[in-house]
Structures are given as structure tokens and as C-alpha cells.
Amino acid sequence: MKNGGYIGREGFASSLTASQATTAVAWAIAVKRIMPHDNELHVRWLPHPNHPVPVGGLALGEIAFWLAAVSSPEEGAVPGHTALVLEQSAALLDAQETNYLARLRHHEDRRSYLAAHAGARLILGHAVGQPPNALQFGPAANGKPVLLDHSKEIDFGLSHARGAVAVAAARMPIGVDVEPLRELDHLDSMSELVLAAEEQAVLRKTSKVSRSRLFLRYWTLKEALLKAAGLGFAVSPNTVMIDAGPTPMVLSLPPQLGSVAEWHLIAPSDT
């Protein structure tokens with residue numbers, strides 16, 4: 001089915017500001033500093049994935065970041081100039097992406113996948129000065145997707161969950177994750193799989209009303225780091241220990257992830 005069947009002109013993914021995101025999603029970015037003491041990190045929060053980056057591309061230490069809420073078919077069209085449009089977005093995908101999109105069973109998953117991949121193409125196209133629909137991707141040795149012909153120039157990460165997507169790009173290894181804020185069932189059993197013993201103790205001391213939000217903060221921070229490393233859950237997340245406070249930081253890592261000093265975590269300060 002051409003373009004995954006998406007031929008409508010309705011908006012379906014609306015950019016979130018930092019303040020809007022506070023009540024909607026948990027998000028996190030992880031970067032591995034090439035030169036830890038050079039260049040302060042700066043997040044360029046994009047109002048739309050088709051927003052131009054500075055002439056000459058991203059500066060060293062600069063992160064292009066786009067966060068969006070994705071509507072379900074039942075919710076209908078998303079108004080406003082910050083919204084991605086279904087038909088235009090589907091036209092950006094290559095054959096492999098289009099085929100994968102068509103195989104997804106649920107409309108919510110299709111829309112989030114489409115938003116994340118179209119958004120990534122738009123952002124990366126501006127960053128490297130290429131048409132977004134001409135970009136080609138392939139797996140690196142560790143399986144993480146890379147932008148072919150530009151893998152040494154720029155790295156990127158994307159994340160899509162039902163109702164939310166995030167894309168980040170930088171001139172250093174980067175990962176991003178996003179999760180809609182919600183109450184979680186079976187929190188104790190999930191915590192054992194995801195959190196180190198010390199982190200589980202912090203979660204137990206947190207008020208019940210805030211536990212799901214804190215767990216999602218831990219989760220997104222760890223998944224962003226593992227995505228940046230290109231290892232995913234080949235490394236158990238409970239072997240990674242972080243401080244998930246207002247200024248998150250890595251406390252300890254398994255040897256295959258390198259030195260704690262190499263990693264920098266970014267997440268909203270409101271916990």
C-alpha cells in the first residue's frame with residue numbers, strides 16, 4: 001500500500017514546547033562526549049522538524065531536539081503550523097520504512113512511527129544539506145541506525161511511543177527516549193528489571209502519587225544512554241546506576257559502556 005495508506009492532508013503530530021511536555025511526557029537525552037572538557041552542551045529545541053539549523057550545520061556540543069504529541073485517528077486532525085501532515089510525512093519515507101509502516105497492526109503505532117521517521121528525515125536533511133527523502137540509512141556494527149555517507153559527521157536518535165515521539169541529532173553519539181506520563185501497574189516487578197538496588201530504594205521512599213513518574217524518568221534516562229551506546233537492552237538496565245534528580249548524572253556503568261565521565265544526561269528539571 002503506497003505510503004502506508006496515508007493520503008490525508010490532516011495534521012497528526014503537534015510539536016510540544018518544554019512547558020507543554022512537563023505534564024505530557026517523560027523524555028531524556030544521553031550523549032557521549034568526544035572531548036569531555038570542550039564545548040558546553042546546548043539543546044536547540046525545535047518548534048518543527050522542518051525548522052532550519054544554523055548555516056554550516058550543528059555546532060560541536062549542540063543538540064537539535066524535537067518532541068511531539070501524536071494524535072490517534074479517533075482524536076482527528078491536529079491544527080496549527082507546528083503539526084506534521086500525514087500525506088507529506090509519508091512521502092518522505094523510503095521503501096523499507098513504508099513497508100514496515102504498513103505491517104504495523106495498530107493505527108496509533110503507525111502514526112507514531114511515521115511521525116518519528118519523517119521528523120528524523122526533516123531534521124537530518126537540514127543538518128547535512130540534503131533533501132529529506134533522499135537520505136539513506138543503514139545499521140552500524142552494533143546495530144544502531146546510522147545516516148549513510150554522514151555517519152562520521154552526525155549521529156541521531158529517535159523514539160516513538162503511542163501518543164509521543166522524540167528525535168535528537170548531534171555531532172557526537174546520542175540517544176533519546178520518550179514515554180507518555182501515566183500510572184503504571186506492576187511497578188515493583190518492573191523496578192527489579194530496570195533499577196539497581198539503590199534506585200529501587202529511592203523509588204520506595206517516593207510518595208505513591210509520584211512513583212510512576214519517577215520510574216519513567218529512570219526508564220527514559222537509561223534507555224537514552226543504552227541507545228546512544230548502540231547496545232540497547234543487550235546490557236541490562238539495572239546494571240546502569242544514575243542519579244535521576246533535577247540534574248541527572250551517571251553514577252556507575254558496566255565496563256562495556258566506558259567511563260562515567262564520558263556521559264552526559266539531559267532531562268526536564270521538574271520531577
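This structure is a prediction, so every number in the text was calculated from the model and none was measured.
Each of Arg171, Arg44, His42 was checked for a side chain to side chain donor-acceptor pair (under 3.5 Å) with Glu62, and the lone residue meeting it is Arg44.
For the pair Phe215 and Leu195, the minimum side-chain heavy-atom distance is below 4.5 Å. Side-chain contact between Lys227 and Lys144 is absent, with no heavy-atom pair separated by less than 4.5 Å. Leu158 is not listed as a side-chain neighbour of Val165, based on a closest heavy-atom distance of 4.5 Å or more. Here the side chains of Val85 and Phe12 are not in contact, with every heavy-atom distance at 4.5 Å or above. The shortest side-chain heavy-atom distance between Asn238 and Gln200 does not fall under the 4.5 Å cut-off. Considering only heavy atoms from C-beta on, Val240 comes within 4.5 Å of Pro254 through its side chain. Annotation: side chain of Val202 is in contact with side chain of Tyr218 (closest heavy-atom distance under 4.5 Å).
Formation of a donor-acceptor pair under 3.5 Å by the Trp263 side chain with backbone atoms of Leu257 is found in this model. At least one donor-acceptor pair under 3.5 Å links the side chain of Thr98 to the backbone N or O of Asp94. Between the side chain of Glu108 and the main chain of Ser72, no donor-acceptor pair closer than 3.5 Å is present. Distance alone, capped at 3.5 Å, places no donor-acceptor pair between the Ser89 side chain and the Leu114 backbone. The main-chain N or O of Thr220 is never found under 3.5 Å from a side-chain atom of Glu223 such that the two would form a donor-acceptor pair. Checking side-chain atoms of Lys222 against main-chain N and O of Val194 turns up a donor-acceptor pair under 3.5 Å. Counting only distance, with no hydrogens or angles, the side chain of Asn50 and the backbone of Leu122 share no donor-acceptor pair below 3.5 Å. With hydrogens and angles ignored, the 3.5 Å screen pairs no side-chain donor or acceptor of Ser159 with any backbone N or O of Ala166.
Counting heavy-atom neighbours within 6.0 Å of Asn99 CG, excluding the residue itself, gives a total above 12. Crowding of Gln96 atom CD: a count of heavy atoms from other residues, nucleotides or ligands under 6.0 Å not exceeding 12. No more than 12 heavy atoms of other residues, nucleotides or ligands shown are found within 6.0 angstrom of CD on Gln136.
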Apply side chain to side chain contact (heavy atoms under 4.5 Å, CB included) to residues Glu97 and Leu92 and explain how you reach the verdict.
CA-CA 10 Å; Glu97 290 169 314; Leu92 298 177; over 6 Å; no
With side chain to side chain contact (heavy atoms under 4.5 Å, CB included) as the criterion, how do Leu135 and Val128 come out once you've worked through the C-alpha distance, each side chain's angles and the decisive distance to 0.1 Å?
CA-CA 10 Å; Leu135 300 178; Val128 301; 4.1 Å; yes
Determine whether Asp188 and Arg204 satisfy the following criterion, side chain to side chain contact (heavy atoms under 4.5 Å, CB included), listing intermediate values before the conclusion.
CA-CA 9 Å; Asp188 290 340; Arg204 285 194 295 269; 5.6 Å; no
Pair Phe156-His150, side chain to side chain contact (heavy atoms under 4.5 Å, CB included): steps then yes or no
CA-CA 11 Å; Phe156 74 99; His150 299 279; over 6 Å; no
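When all heavy atoms of Ala170 and Ile154 are compared, the pair lying nearest together is O-CG1, 3.3 Å. The shortest heavy-atom contact between Arg217 and Pro248 is NH2-CD, 3.7 Å. The shortest heavy-atom contact between Arg121 and Pro132 is NH1-O, 2.7 Å. Heavy-atom minimum distance, Glu183 versus Ser212: OE1-OG, 3.4 Å. Here the closest non-hydrogen pair linking Met241 and Glu198 is SD-OE1, 3.4 Å. Shortest non-hydrogen contact noted between Ala115 and Leu84 is O-CD1, 3.8 Å.
Cluster membership for Leu93 and Val70, using ILVMFWY side-chain heavy atoms within less than 4.5 angstrom, is shared. Neither Val146 nor Ile174 shares a network with the other; the hydrophobic side chains, linked directly or stepwise wherever heavy atoms of I, L, V, M, F, W or Y lie under 4.5 Å apart, form separate groups for each. No continuous path of ILVMFWY side-chain contacts below 4.5 Å connects Leu251 to Val31, so the two sit in separate hydrophobic clusters. Connection of Val260 to Ile242 is established within a shared hydrophobic cluster, with ILVMFWY side chains joined at heavy-atom distances below 4.5 Å, either directly or through further cluster members. Linking Ile, Leu, Val, Met, Phe, Trp and Tyr whenever their side-chain heavy atoms come within less than 4.5 Å leaves Leu225 and Met249 in two separate clusters.
Defined by atom type and a distance below 3.5 Å, a donor-acceptor pair is missing between the side-chain atoms of Ser236 and Thr239.
Here the NE2 atom belonging to His107 is positioned 8.0 Å from the CD atom belonging to Glu74, to the nearest 0.5 angstrom. Here Glu262 contributes atom CD and Ser259 contributes atom OG; the two are 5.0 Å apart, rounded to the nearest 0.5 Å. Taking CD of Gln130 as the reference point, atom CG of Leu124 lies at 11.5 Å (rounded to 0.5 Å). Distance CD1/Ile266 to CG/Leu221: 10.5 Å, rounded to 0.5 Å. In this structure, the separation between CZ on Arg110 and CZ on Arg105 is 10.5 Å, given to the nearest 0.5 Å. The OG atom of Ser191 lies 9.0 Å from the CG atom of Leu214; values are rounded to the nearest 0.5 Å.
Ring geometry for Trp27 versus Phe65: interplanar angle of 30 to 60°, hence tilted. Between Trp66 and His48, the ring-plane angle classifies as tilted under the 30° and 60° cut-offs.
A salt bridge does not link Glu75 with Arg111: every distance from a Lys NZ or Arg NE/NH1/NH2 to an Asp or Glu carboxylate oxygen is 4.0 Å or more.
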